[in-house]
Amino acid sequence: MARWTKAQVEAFAPDDRSVAAARKLAKPGPWSETGSTDALLWGKCQGSGKKPYQVSVDLTGPAAKCTCPSRKFPCKHGLALLMLWTDGGGVIADSESAADFASEWADGRSDRAAKKAAKADKPVDPEAQAKRLAKRLETMTQSLADFELWLGDVYRQGAAAARKRNYAFWDDAASRLVDGQVPGLADRVRHMPATLVGDDWVDAFLTETGRWYLAARSWARRDALADDDLANLRTYLGWAYSQDDIRKTDAITDRWIVEGVHRTDDGRLQSQRTWLRGESSGDRALALDFAAGGGSLGIAHVTGSIIETPLHLYPGTGARRAIFSTDPTASTDTGDLAEPIAHDSLDSAWAHGVAINPFGERVPVTVSGVLRYDDATFSTSLVDGDRKLPLIAGIDPWPLLAAVGPGRATMFGELEATGFRPLSLAQNGQVVPI
């Protein structure tokens with residue numbers, strides 16, 4: 001396994017605080033019994049307790065395990081071990097076999113993957129399955145019909161009245177949708193108060209509620225929809241597909257470049273989006289991970305790395321969601337960003353994305369230009385000729401401006417209705433997370 005770069009290790013971290021804490025441990029003093037093979041990295045780190053922590057890193061996942069009580073994945077010990085290995089100063093020697101604790105952990109990962117595959121092959125009762133499906137369809141249909149009536153009342157009272165509604169008004173409607181097994185739409189309704197702010201709140205209100213109405217009406221005539229259109233609607237409403245069913249579909253074989261990773265946390269649910277692009281096909285796919293409550297997300301794939309594990313694609317249109325057929329295996333190679341689209345094609349890129357999936361929220365694109373900060377409006381835009389692409393509100397521009405510099409830059413990110421969210425940067429022949 002080729003040694004990672006410093007940027008790849010930092011991209012692997014759950015947050016900046018973990019990186020800072022790991023740097024303090026990335027020295028030989030606290031470490032013992034370290035070693036590495038082509039796929040595994042391990043060592044023991046002396047903490048405040050009597051026994052040192054056992055740290056293991058699967059470089060092909062990537063994945064990490066530590067016996068410390070931290071709930072972060074990877075923890076500071078795993079990151080520090082990676083930093084020592086990346087430095088290449090001879091602290092971590094190559095070995096033909098892994099330490100027992102690292103080998104047992106790696107074998108356990110393989111066993112769990114095998115059990116999961118065996119569970120997927122277990123036969124189901126088709127009659128019971130059909131009854132559950134019919135019950136869910138009936139529940140969802142009634143719930144969305146009631147929601148359409150409620151939405152009509154909201155429209156009749158006007159946007160100004162909707163803006164004055166308190167949180168309980170929207171939360172009550174969302175709760176009824178949850179009871180009606182429409183959790184995806186419920187989440188959007190619950191977040192409506194955050195939409196009703198700013199100078200363009202009327203446009204945002206009409207756009208968002210327009211999608212709600214489109215979803216309700218589309219569900220009422222779902223039998224007339226094409227399979228992919230129905231899949232887009234189902235995803236928007238929050239009816240998840242079984243991963244076991246998706247894994248039964250034909251796998252797509254390619255070398256998948258990790259173009260960017262983005263994490264969100266709204267207090268109730270954490271999510272992680274990993275954007276992949278096929279090296280041969282050029283097709284993009286999206287790997288999603290979720291963690292509820294106090295859970296922990298899966299470890300992020302290293303931006304710029306290449307994953308050689310086949311993908312199974314979810315139904316739908318556009319850049320489709322995907323899952324790996326087995327635990328992802330990283331290549332020793334690194335990938336490049338796709339060629340940037342012309343600046344005058346940005347509007348058409350967004351319009352095309354909405355046209356093929358009206359329920360989609362973002363379109364992955366590679367763009368090129370110069371970042372400019374406007375002191376008058378306190379906003380940052382990507383400028384290309386006479387075209388200005390604003391960054392999405394809430395993005396801290398200063399680390400980004402420092403990373404990109406004053407010159408022209410090529411970046412990958414997510415194009416949304418309100419602007420662009422940069423996720424990675426092409427710099428000195430490498431893909432760097434931002």
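Keep in mind the model is a prediction, meaning the values are calculated, not measured. We count residues from 1, following the sequence as given.
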Smallest heavy-atom separation, F73 atom then R263 atom, equals O-NH2, 4.4 Å

Measure the OH-CG distance between Y236 and D187 for me, rounded to the nearest 0.5 Å. 10.5 Å

Under a 3.5 Å distance rule, please check whether R320 uses its side chain to pair with a backbone N or O of Y314 as donor and acceptor. yes

Heavy-atom pair with the smallest gap, counting every atom of A285 and A322: CB-CB, 3.9 Å

Of all heavy-atom pairs linking F101 and V55, the shortest is CE1-O, 3.5 Å

Nearest heavy atoms of P62 and F12, plus distance in Å: CG-CE1, 3.4 Å

Do S331 and S305 have side-chain heavy atoms sitting under 4.5 Å apart? no

Mind listing the closest non-hydrogen atom pair of V370 and P406 along with its distance? CG1-O, 3.6 Å

Nearest 0.5 Å, please: how far is CH2 in W398 from OH in Y373? 5.0 Å

Tightest non-hydrogen contact, residues H312 and T249, listed as ND1-O, 2.9 Å

Classify the ring geometry of H301 against F324: parallel below 30°, tilted from 30° to 60°, perpendicular beyond 60°. perpendicular

Nearest-0.5 Å distance that lies between atom CZ in R421 and atom CZ in R362: 6.0 Å

Output for pair (R273 CZ, L423 CG), nearest 0.5 Å, gives 7.5 Å

Does the side chain of T317 reach to within under 4.5 Å of the side chain of N232, using non-hydrogen atoms? yes

N-O pairing of R408 and D384 below 4.0 Å: yes

Under 3.5 Å, is there a donor on one side chain and an acceptor on the other for S271 and T264? yes

Check whether D254 reaches the backbone of W256 with its side chain - one donor and one acceptor, N or O, closer than 3.5 Å. no

Is H352 atom NE2 crowded by more than 12 heavy atoms from other residues, nucleotides or ligands, each under 6.0 Å away? no

Flag the pair D327 and R109 as a salt bridge only when some basic side-chain nitrogen lies within less than 4.0 angstrom of an acidic carboxylate oxygen. yes

Rounded to the nearest 0.5 Å, what's the gap from CG on L185 to CE on M140? Could you check? 9.5 Å

To the nearest 0.5 Å, tell me how far E148 CD sits from L151 CG. 8.0 Å

Tell me if the CG atom of D16 is crowded by more than 12 foreign heavy atoms within 6.0 Å. no

Counting only N and O atoms by type, is there a donor-acceptor contact under 3.5 Å from the side chain of S381 to the main-chain atoms of V383? no

